[in-house]
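Written out below as structure tokens is the structure these notes cover.
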Amino acid sequence: MTLDKYFKLYEKEDPHYQEVEVDINIEAISKARSNDERDNQRVTIDETDVTSIADKNIDNNNVLMLISAGYDANEMKPYLIFYDPNRDNVVKLLDDTGHKPYAYSKLSPNQLRSNDVITRYSNKIIDIVEEVKHDPITDSEVKVSKIIVTDPLVIGGKKDSLREKIDLWEADIKYYVNYLFDQGLQIGDYYVIKDGKPIKVNLNPPQEVEKFAEKLSSEEREWLYRLSQPVINLKRVALDIEVYNPRGVMPQPEDPRHPIFIISLRGSDGLKKVLFLDLRREYKEDIIEVDGYEVEIFRNEVNLIQRAIEIVKNYPILLTFNGDTFDLPYIIARAKFLKVPNIEDSFHKGRNEVSITWGIHIDLYKFFKNASIKNYAFSGAYDIVSLDTIAKALIGKGKVETPEHFDDMNTIDIIKYALTDADITYELTAFNNDLVMRLIVIIARISNMTIDDVTRLAVSNWIRNRLIYLHRRRNYLIPRPEDIHKKTGTRHFQPVTKGKKYVGALVIDPKPGIHFNVVVVDFASLYPSIMKEYNISYETVNCPHEQCKTNLVPNTSTWICRLKKGIISEFVGIIRDIRVNVFKKLSKDKSIEQSKREFYNVIQGALKVFINAIYGVTGSETFQFYYLPSAEAVTIYGRYIIEQAIKKAEKLNLKIIYGDTDSLFIKNPEQKLLEKLMEDIYNTYRLKLEVDKIYKYVVLSSRKKNYFGVTKEGSLDIKGLQGKKSNTPPYIKTIFYDILKKLKNIENKDDFNVVRKEIIDIIKNAEKKLINREVPLDELVISVTISKPLEQYTKTTPQHVKAAKLLVKQGRKIYPGSVIKIVKTRNSLGVKPVELVKSVSEVDAEKYIDLLHSTLEQILEAMNIEVERGRVVVVDSKKSLDKFFKL
DNA sequence: GCGGACTGCTTACCT
DNA sequence: ACAGGTAAGCAGTCCGCG
């Protein structure tokens with residue numbers, strides 16, 4: 001019997017399907033519960049920190065961390081959200097200073113008062129006052145009128161808001177952000193609340209941090225202290241729901257007809273609970289245990305939902321994976337469908353997110369999908385963003401493998417499947433001493449952005465937010481994008497790549513062959529260093545001062561300010577210095593205990609994310625402070641400096657065999673000459689050239705960004721080669737790595753002869769297996785990502801799109817980000833999704849042999865081994881051997 | 001009608 | 001919803017070809 005039938009039965013029998021009456025006061029229960037639990041929770045701030053609070057003579061010792069802010073539309077006031085480590089809950093503090101929404105106009109107050117648009121809003125305009133701000137673009141003082149209003153919607157957010165009708169400045173900053181910044185508040189800092197006002201608590205920094213303080217500028221010291229503040233443990237619970245869906249139906253919040261039959265919960269306090277709706281009527285017990293989880297059995301879905309809400313309200317942080325788009329919207333929709341009362345008292349559904357009333361909701365899917373988090377924080381450890389792949393990559397465990405449908409599973413397996421999801425969702429925030437939670441808080445500190453926004457917005461927004469704060473501090477009028485675009489200045493070079501806006505980095509033509517003893521030198525964070533050293537920022541590039549116009553970027557007519565420090569240049573400079581000079585050192589200092597070292601490592605890693613992204617965002621049209629000449633100035637300086645380094649190296653008779661952007665590969669250099677080069681470069685350009693690594697040997701072809709090498713330490717470095725790419729079939733990948741493994745061990749000519757024979761055997765054997773169709777289908781799949789909605793492939797239809805369309809015909813949903821596994825087949829399309837291939841006889845073996853050859857060619861070419869149809873040839877073997885062992 | 005030369009599109013990589 | 005530079009495979013087009 002299938003669940004399907006039970007479901008119908010349930011639908012008829014369950015009285016709550018008709019009319020729901022609930023006599024539980026969820027609020028009261030959750031309050032009672034949190035009172036009970038209070039005493040069990042301890043302060044997690046170090047003893048020393050508490051002492052420093054006493055030093056400040058603050059009577060209330062209740063130290064809170066500021067984690068969020070918002071606007072209460074009913075009260076018409078902004079509020080702050082603090083985390084209370086004593087009670088493990090959040091405290092909402094409504095503003096009592098009378099702060100109001102505002103924006104700036106360049107019209108005078110009188111002009112504004114007679115303006116039609118303004119008069120229409122007169123009942124909502126509190127005041128118009130003149131202020132003097134500094135305009136960074138003209139480097140002069142400007143008079144502006146601050147229009148103070150009753151409601152943020154008067155400024156923006158509606159069709160007839162002021163910013164749609166008249167020229168306004170600073171009108172696209174969210175009101176609670178304005179509020180935070182105007183009060184000088186910073187997310188992630190500690191406060192006590194006295195007389196309804198937040199008062200900053202300065203914690204005593206740990207000894208190892210204090211050591212650095214005296215050498216730093218005051219701004220750097222502020223960063224040092226703020227970032228090194230401890231991050232308290234945040235009490236949290238992961239939630240995951242399972243919806244019973246009939247076969248072939250994907251549950252969607254828009255269609256909440258299907259029951260939520262499991263809600264699994266995993267808390268940072270050890271909570272392991274599954275709420276299970278016994279659709280199959282299998283259990284007489286109220287509670288059973290599965291895998292250490294307490295499973296509460298429900299016969300009624302409303303009770304189950306209410307119980308879940310009751311439990312999660314004990315946790316100020318709610319974790320989900322896709323909770324913004326699925327779990328929470330479904331709970332809301334289903335609760336409304338079942339007429340569960342007062343669901344709005346718990347959840348607010350926004351356009352792109354769901355917030356909770358008792359704390360903060362973090363959707364980990366959004367956070368891990370963030371390109372900066374993926375690539376910089378976790379160095380691309382996962383490429384597909386799913387709970388399974390991320391968990392496997394980061395915590396070494398994935399989801400439970402399941403059949404396609406719950407009906408094909410027994411109940412215990414369904415429960416195990418469900419609890420695993422909540423379990424790994426929580427674990428993703430807990431591994432390595434809560435690394436992810438700490439990372440989120442540190443990013444919030446660097447960007448001064450609320451925890452909610454940090455986890456949902458991308459790096460350009462993080463950077464924008466901090467820069468807005470810095471503008472406020474300097475009393476700068478924040479320019480609108482169009483103000484920056486109106487500045488003079490043009491592009492100087494045609495970009496190398498079609499469709500790009502400006503020229504980028506220089507890549508040196510590689511010298512093909514096998515090169516022994518290769519030293520790779522590179523400029524440490526070249527672009528950020530250029531921005532710092534050459535004062536590059538939107539307002540300093542092509543600045544308004546006559547006397548700066550001679551300070552030219554090489555080979556251009558772009559000039560750079562000599563008089564004022566650029567705001568972006570200063571920001572990147574400070575965080576670069578504090579990372580390199582302090583937090584990187586702390587993270588490597590063996591005299592510091594490991595957990596602290598890990599914390600410093602998180603800080604330096606978070607700083608790196610910002611440092612690496614800042615140049616990029618200045619060249620991105622969607623960034624508020626986008627200015628093409630400033631982005632171009634960075635890359636042109638980069639090209640200039642690497643070119644000067646090459647010239648200097650050549651003068652010293654150093655042999656450069658390759659280089660990319662900020663690196664030079666130098667063949668068998670004399671130590672003295674190398675040192676001379678690095679010294680000269682630093683003295684001339686104030687940029688550090690350092691030894692990055694040394695290769696025992698490196699194998700280059702004529703292709704740029706494609707090589708492999710064995711380092712002095714014996715590890716194999718593979719860059720860009722086809723065999724490394726994710727879309728190479730596993731079978732070919734294996735052979736590629738088998739051959740590289742053989743090459744790695746070569747020490748002399750005799751080894752080579754043996755290895756050469758082995759390589760030839762490997763290739764011939766692989767071809768034979770392909771022709772005889774002995775390779776299983778799984779080994780032949782080519783995984784390709786769908787990058788946009790299928791209907792947007794209008795110009796061409798690539799093979800993976802053709803295959804995806806076949807899957808759609810089968811009822812499969814394909815989204816951007818879906819990975820299609822295709823197999824080259826001998827049908828008219830030349831390709832099929834692996835799911836639709838019935839047997840290996842359909843495989844186009846010839847295509848795979850071609851693919852094998854082209855993949856291997858990249859590594860064998862340099863050794864003069866040629867692979868052709870059905871044979872492997874060593875071309876001019878004697879010469880190739882000589883070449884191989886020349887040095 | 002068919003294939004080679006070519007361009008453009010797409011993906012995945014490097015820095 | 002951070003940049004440009006590069007390789008590779010394929011789609012699509014044009015042109016020549018008694």
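Values in this document were obtained by computation on a predicted structure and should not be read as measured data. By convention in this document, chain letters (A, B, ...) are assigned in the order of the sequence lines, proteins followed by strands, and residues within each chain are numbered from 1. Just so you know, these numbers use all the heavy atoms, side chains as well, and skip hydrogens, waters and symmetry mates.
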What does [X] touch in the nucleic acid at a heavy-atom separation under 4.0 angstrom: a base, only the sugar-phosphate, or nothing?
X: A/Phe623; answer: nothing
X: A/Thr635; answer: nothing
X: A/Gly504; answer: sugar-phosphate
X: A/Ala458; answer: sugar-phosphate
X: A/Ser854; answer: sugar-phosphate

task: Look up atom CG in A/Leu689 and atom CG in A/Asp662, then write down how far apart they are to the nearest 0.5 Å.
output: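 So the CG of A/Leu689 and the CG of A/Asp662 are separated by 9.5 Å.
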task: State whether A/Arg480 and A/Glu482 are salt-bridged, where the test is any N-O pair (Lys NZ or Arg NE/NH1/NH2 against Asp/Glu carboxylate O) under 4.0 Å.
output: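 Answer for the salt bridge query: yes.
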message: We want to know whether A/Thr540 and A/Ser537 form a side-chain donor-acceptor pair, criterion being a heavy-atom distance below 3.5 angstrom.
response: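 No - no donor-acceptor pair under 3.5 Å links their side chains.
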query: Side chains of A/Ser620 and A/Thr622: do they bring a donor and an acceptor to under 3.5 Å?
result: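 Yes - a donor-acceptor pair under 3.5 Å links their side chains.
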message: Could you check whether any side-chain heavy atom of A/Pro479 comes within less than 4.5 Å of a side-chain heavy atom of A/His471, counting everything from C-beta outward?
response: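 Counting from C-beta outward, A/Pro479 and A/His471 do come under 4.5 Å.
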Earlier contact from the 5' end, DNA chain C, for A/Ser620 and A/Gln494: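 Looking at the nearest nucleotide for each, A/Ser620 comes out on the 5' side.
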- request: Have a look at A/Ile782 and tell me which of A/Val831, A/Leu851, A/Thr728 forms a side chain to side chain contact (heavy atoms under 4.5 Å, CB included) with it.
  value: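 By the side chain to side chain contact (heavy atoms under 4.5 Å, CB included) criterion, A/Ile782 pairs with just one of A/Val831, A/Leu851, A/Thr728: A/Leu851.
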In residues 625-641 of chain A, what donor-acceptor pairs under 3.5 Å come from side-chain atoms, sequence neighbours left out?
residue: A/Tyr627; atom: OH; partner: A/Thr488; partner atom: O; Å: 2.4
residue: A/Tyr627; atom: OH; partner: A/Asn542; partner atom: ND2; Å: 3.1
residue: A/Ser630; atom: OG; partner: A/Tyr627; partner atom: O; Å: 2.9
residue: A/Glu632; atom: OE1; partner: A/His492; partner atom: N; Å: 3.3
residue: A/Glu632; atom: OE1; partner: A/His492; partner atom: ND1; Å: 3.2
residue: A/Glu632; atom: OE2; partner: A/His492; partner atom: N; Å: 2.6
residue: A/Glu632; atom: OE2; partner: A/Phe493; partner atom: N; Å: 3.2
residue: A/Thr635; atom: OG1; partner: A/Val503; partner atom: O; Å: 2.8
residue: A/Thr635; atom: OG1; partner: A/Glu632; partner atom: O; Å: 3.0
residue: A/Arg639; atom: NH1; partner: A/Gly504; partner atom: O; Å: 2.9
residue: A/Arg639; atom: NH1; partner: A/Ala505; partner atom: O; Å: 3.2

Every protein N/O lying under 3.5 Å from an N/O of nucleotides 1-3 of chain B:
none

field: Under 4.0 Å protein heavy-atom contacts per nucleotide of nucleotides 6-15 of chain B, with B for base, S for backbone only and - for none
entry: --SSSSBSBS
message: So does A/Glu353 get a backbone contact from the side chain of A/Arg456, meaning a donor-acceptor N/O pair under 3.5 Å?
response: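 No, the answer is negative, given that no donor and acceptor are paired below the 3.5 Å cut-off.
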- prompt: Contact boundaries of DNA chain C with chain A (under 4.0 Å, heavy atoms), 5' to 3'?
  reply: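 In short, chain A contacts DNA chain C from C/dC2 to C/dG12.
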- prompt: Which residues satisfy the salt bridge (charged side-chain N to carboxylate O under 4.0 Å, His left out) test with A/Glu164, sequence neighbours excluded?
  reply: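 Listed in chain order: nothing, the list is empty.
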- prompt: Quick check, are the ring centers of A/Phe665 and A/Tyr707 under 6.0 angstrom apart?
  reply: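 When the ring centroids of A/Phe665 and A/Tyr707 are compared, they turn out to be within the sub-6.0 Å range.
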message: Among residues at least two apart in sequence or on other chains, which ones pass side-chain hydrogen bond (donor to acceptor under 3.5 Å, both in side chains) with A/Thr825?
response: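 Residues passing side-chain hydrogen bond (donor to acceptor under 3.5 Å, both in side chains) with A/Thr825: A/Asn827.
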